[in-house]
Amino acid sequence: FKIDREKVFGPFPDSTLLYKTSDVYDGKLKENYIVLTPSAIMFTRHGMDYIKLFVKLYELLKDKYQVVILVHNFTSNFNNSDLDICSKLHNLCPTSVLINENISTGKLKNILGNSKFSISSRYHVIVGSISQDIPSIAIGWNPKYESFLKLYNKKYWNIDFGSNSFKEIKNLLENKEFTSGINDLAVFNQTLKQNVSESFNQLFSNID
């Protein structure tokens with residue numbers, strides 16, 4: 001982007017890490033639930049094969065967890081929206097719960113923060129989960145997913161969509177390091193949040 005590095009200050013991890021919420025989602029969710037958040041962008045690129053991956057994940061997880069399909073974005077993408085894609089998925093997953101309310105970011109973050117883990121193709125679902133020490137698998141379409149996960153030494157939590165995606169995700173879910181890595185995330189978050197705060201300190205200092 002031809003940015004002058006001399007004009008860039010601070011350690012600047014994603015400032016969303018500092019966002020805390022007092023909003024509480026009052027929908028009826030069980031204690032033991034996971035969040036799936038597909039993206040219209042990925043569906044536009046890969047079609048029903050992309051939806052079929054999430055159906056296979058639902059079948060894998062439905063007996064152990066309540067499966068919540070969360071609509072994150074309400075804008076259209078080439079005549080599709082996340083609401084359309086999540087509705088398609090919900091219709092194929094009979095015991096799933098669809099959350100399709102255009103609710104506050106605070107309530108969205110509350111839903112993510114109380115889940116066991118999330119699997120998503122939406123960047124701020126990944127950030128919203130991991131910033132609260134909740135593991136998250138990215139089925140990414142943009143380098144920013146991998147870039148964010150590298151902050152936690154979790155680059156391998158980013159899965160490229162393809163014929164091996166389900167196997168890679170299944171292997172990751174069967175690895176106890178994934179579901180028991182909450183303390184690990186907490187240590188990283190403490191440092192990263194200090195870095196974000198320092199970035200703002202430098203910003204205000206430069207403004208002064």
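Excluded from the calculations below are hydrogen atoms, water molecules and symmetry mates; all remaining heavy atoms, backbone and side chain alike, are included.
The structure places OG of Ser118 at 8.5 Å from CD1 of Ile137, a figure rounded to the nearest 0.5 Å. Separation of atoms NE2 (His124) and CG (Leu112) is listed at 11.5 Å; rounding is to 0.5 Å. In this structure, Arg122 CZ and Asn73 CG are separated by 4.0 Å, a value rounded to the nearest 0.5 Å. Taken from CG in Leu53 to CE in Met42, the straight-line distance is 8.5 Å, to the nearest 0.5 Å. With rounding to the nearest 0.5 angstrom, the CD1 atom of Ile34 is 10.5 Å from the OH atom of Tyr58. Taken from CG in Leu89 to CD1 in Ile51, the straight-line distance is 5.5 Å, to the nearest 0.5 Å.
Checking side-chain atoms of Ser39 against main-chain N and O of Ile41 turns up a donor-acceptor pair under 3.5 Å. Checking side-chain atoms of Gln202 against main-chain N and O of Gly10 turns up a donor-acceptor pair under 3.5 Å. Remark: side-chain polar atoms of Gln66 are not paired, donor with acceptor, to backbone N or O of Asn32 under 3.5 angstrom. A donor-acceptor pair under 3.5 Å links the side-chain atoms of Ser197 to the main chain of Lys193, judged by distance alone. Checked by atom type and distance alone, the side chain of Glu59 never pairs as donor or acceptor with a backbone atom of Val55 at under 3.5 Å. Of the possible polar contacts, none joining the Ser205 side chain to the Asn201 backbone as a donor-acceptor pair under 3.5 Å is found.
Remark: the Lys109 side chain and the Thr16 side chain contain no N/O donor-acceptor pair separated by less than 3.5 Å. Side-chain atoms of Tyr33 and Asn114 form no donor-acceptor pair, as typed in the model, at a separation below 3.5 Å. For the residue pair Ser96/His90, the side-chain donor-acceptor check at 3.5 Å is satisfied. With hydrogens and angles left out, the side-chain atoms of Tyr152 and Asn189 include a donor and acceptor closer than 3.5 Å. Under 3.5 Å, the side chains of Asp84 and Ser81 contain a donor-acceptor pair of N or O atoms. Side chain to side chain, Tyr25 and Glu101 meet the donor-acceptor criterion of an N or O pair below 3.5 Å. Judged purely by distance below 3.5 Å, without hydrogens or angles, the side chains of Asn110 and Thr21 never pair a donor atom with an acceptor atom. Side-chain contact check for Tyr65 and Ser115: no donor-acceptor pair (N or O, by modelled atom type) lies under 3.5 Å.
The shortest side-chain heavy-atom distance between Val35 and Thr37 falls under the 4.5 Å cut-off. For the pair Ile99 and Leu108, the minimum side-chain heavy-atom distance is 4.5 Å or more. Asp160 places none of its side-chain heavy atoms less than 4.5 Å from the side chain of Ser165. Within the 4.5 Å cutoff, the side chain of Ile119 has heavy atoms near those of the Ile169 side chain. When side chains are defined from C-beta on, Phe74 does not count as touching Asp82, because their heavy atoms never get closer than 4.5 Å. Put simply, the side chain of Asn171 does not reach to within 4.5 Å of the side chain of Asn175, judged on heavy atoms. Counting only heavy atoms from C-beta outward, the side chains of Asn195 and Glu198 never approach each other to under 4.5 Å. The side-chain heavy atoms of Phe166 and Leu57, taken from C-beta on, include a pair separated by under 4.5 Å.
Within a 6.0 Å sphere centred on CD of Glu174, other residues, nucleotides and ligands contribute more than 12 heavy atoms. For NZ of Lys88, the number of neighbouring non-hydrogen atoms (other residues, nucleotides, ligands) closer than 6.0 Å is 12 at most.
With hydrophobic clusters built from ILVMFWY side chains whose heavy atoms lie under 4.5 angstrom apart, Leu70 does not share a cluster with Ile139. The hydrophobic clustering, which links ILVMFWY residues whose side-chain heavy atoms are closer than 4.5 Å, places Ile85 and Met48 together. Cluster membership for Leu149 and Val125, using ILVMFWY side-chain heavy atoms within less than 4.5 angstrom, is not shared. Two different hydrophobic clusters hold Val71 and Val97 under the rule that ILVMFWY side chains link at heavy-atom gaps under 4.5 Å. When hydrophobic clusters are built by joining Ile, Leu, Val, Met, Phe, Trp and Tyr residues whose side-chain heavy atoms come closer than 4.5 Å, directly or via intermediates, Ile130 is grouped together with Phe188.
In plain terms, the two heavy atoms of Ser199 and Phe12 that are nearest each other are OG-N, 2.6 Å. Nearest heavy atoms, Lys107 versus Asp23: N-CB, 3.5 Å.
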Show, in sequence, the C-alpha distance, side-chain angles and deciding distance for Ser121 and Tyr145, and conclude whether the side chain to side chain donor-acceptor pair (under 3.5 Å) test is met.
CA-CA 9 Å; Ser121 294; Tyr145 295 84; 6.0 Å; no
Go through it in stages, so that I can follow the logic: the residues are Val67 and Phe54, the test is side chain to side chain contact (heavy atoms under 4.5 Å, CB included), and I'd like the CA-CA distance, side-chain angles, deciding distance and then a yes or no.
CA-CA 11 Å; Val67 176; Phe54 278 91; over 6 Å; no
Would Lys150 and Glu146 satisfy salt bridge (charged side-chain N to carboxylate O under 4.0 Å, His left out), going step by step from the backbone distance to the final call?
CA-CA 6 Å; Lys150 282 171 69 176; Glu146 187 173 290; 5.3 Å; no
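In this pair, His46 and Tyr50 present their aromatic rings tilted. The plane angle is within the 30 to 60° band.
For an aromatic pair to be called close, the ring centres must be under 6.0 Å apart, and Trp157 with Phe178 satisfies this.
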